[in-house]
Structure formats: structure tokens, C-alpha cells
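Read through the structure below, which is laid out as C-alpha cells, and then see the notes.
The figures that follow rest on heavy atoms only: side chains count, while hydrogens, waters and symmetry mates do not.
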Amino acid sequence: MALFVSSLAAAFSHLCLPPTSTSKPHPSPLLRLHSTSTSGRAARLALRASAAEPELPAEEVVAVEEEAEEDALSGLALRKYVKQRLPGGFAAQRITATGRRKTAIARVVLQEGTGRVFINFRDAKEYLQGNPMWMEYCKVPLATLGFEKNYDVFVKVHGGGLSGQAQAICLGVARALVKISNANRVPLRSEGLLTRDTRIVERKKAGLKKARKRPQFSKR
């Protein structure tokens, strides 16, 4: 037993333990990995935050501001704004014209502006239910002359449906542009924008189902 104890003591004597008075303990690999992961995560968050707020060009900033202004003008505020722009009403304005299509009649007023269109004291996009074709009808004469951002269009329209009203506005805007300058007549005439479309639904006749459709003939 004493021999076994002495052999164990001789085996442990060969082990050298590190001194206890170390100045700075070495960090463990696990802690080093954790610290680098947190710093990398912070860097990724910083990059993501910087990428989330890019600087917009000046044109996009102006477009965003115009959209915000359009959203702010609605309902009674929009009606008040239109009346402020048209002192004395539609009849007192200088550049006015009338357009007709089917049974729709549109009175159009042009003023210098940024290309906005107001129909019956409402925004044109809201009034025309966002239909791109009907919206295009209102701006075709201005786009033909390159004035789509030079004038604001104020319209009072009644009769017919939205399609006929949009085409009546198109004719009214073209006639108003001719009043601004007689030189605008030639390009507008060449595009057919000054021609009144006289087509209209034919009236129903007595004894017929529609204008010309007859009931089926029965001999007996």
C-alpha cells in the first residue's frame, strides 16, 4: 500500500501547474466567437438601416409632395380650393369652352398650373373611377401640344355616362387651347381633336324591341 502511494506521488510530481498570479486571463474561444457574432450583427443592422432610407431624387420628392397635397385636398377642402381658383364661377373665367359627346355637355376652364384636372369639384381620378382610358381623354389635347404640365383643367359636366363625359371634356379642352392661341388649331385639327362626334344612340321605335330589332314573324 505504501509502495502504491509513493508511485502516485511520483507521477503527480511531474505535472506542472500554471502560476496563479496571471495578469490577464485568456478569453475562451466561445466568448470570442460570441463577441464577433454580436459585432457582425450590429454591422448588418447598421447596413440594413442605412439601406432602408435611401435618398430620393428631386423629381420623386416633388411627386411624393404632390400626391400628399392631392390626398390632403378632398371633399369640402377640394371644393373650397376650386372655388378659390375660380372667382366668380365658371362663367366669369377668361379661357372657357364647351364640349359635347352623345348626351354629355362639359364646360371647361383652363388656368396656368401643374396639369391637375378637377371635374365637378372632385379630383378627376376619383370622378372617373381611376379608368386610365377616360383619364387619357382629358389630357390628350394638352399632351399633343406638350402642355400637360402647364395648365390646370376645371370642368363642370352633366348628362350621359362617364365615357361620353370624358370625350366631351376632350373636345372642350381642345377648343379652349384654340382660344389661347390660334396657332394651336393646326396640330389639334390634324389629330382630329376639334371634330364634334355627332354619333348618338338611335331612338326606339313603336312596335320594335329596340331601334331596329323586330319581334320574330309568325305567319299563323
Pairs satisfying ring pair (Phe, Tyr, Trp, His ring centres under 6.0 Å), at least one member in residues 183-218, at least two apart: none

By ring pair (Phe, Tyr, Trp, His ring centres under 6.0 Å), F147 pairs with (sequence neighbours left out) Y151

Contacts of R199 that satisfy side chain to side chain donor-acceptor pair (under 3.5 Å) - sequence neighbours left out: D197

Enumerate donor-acceptor pairs with a distance under 3.5 Å from any side-chain N or O in residues 184-195 to protein atoms, sequence neighbours excluded.
residue: N184; atom: ND2; partner: L177; partner atom: O; Å: 3.0
residue: R185; atom: NE; partner: N182; partner atom: OD1; Å: 3.2
residue: S190; atom: OG; partner: V186; partner atom: O; Å: 3.3
residue: S190; atom: OG; partner: P187; partner atom: O; Å: 2.7

Donor-acceptor contacts under 3.5 Å from residues 156-166 side chains, at least two apart:
residue: S163; atom: OG; partner: Q167; partner atom: NE2; Å: 3.4
residue: Q165; atom: OE1; partner: Y127; partner atom: OH; Å: 2.8
residue: Q165; atom: NE2; partner: G159; partner atom: O; Å: 3.1

Considering only residues two or more places apart or on different chains, which pairs with a residue in residues 81-97 satisfy salt bridge (charged side-chain N to carboxylate O under 4.0 Å, His left out)? R85-D152

Once salt bridge (charged side-chain N to carboxylate O under 4.0 Å, His left out) is applied, what residue pairs with a partner in residues 126-136 remain, sequence neighbours excluded? R122-E126

Could you grab the distance from atom NZ of K179 to atom CD1 of I95, nearest 0.5 Å is fine? 9.5 Å

Can you list the residues that meet the side-chain contact (heavy atoms from CB on, under 4.5 Å) rule with [X], with sequence neighbours excluded?
X: E202; result: K205, A211, R212
X: S218; result: none
X: Q93; result: L86, P87, T96, V109, Q111
X: R196; result: R100, L171, R175, T198

The criterion is salt bridge (charged side-chain N to carboxylate O under 4.0 Å, His left out); which residues satisfy it with R214, sequence neighbours excluded? none

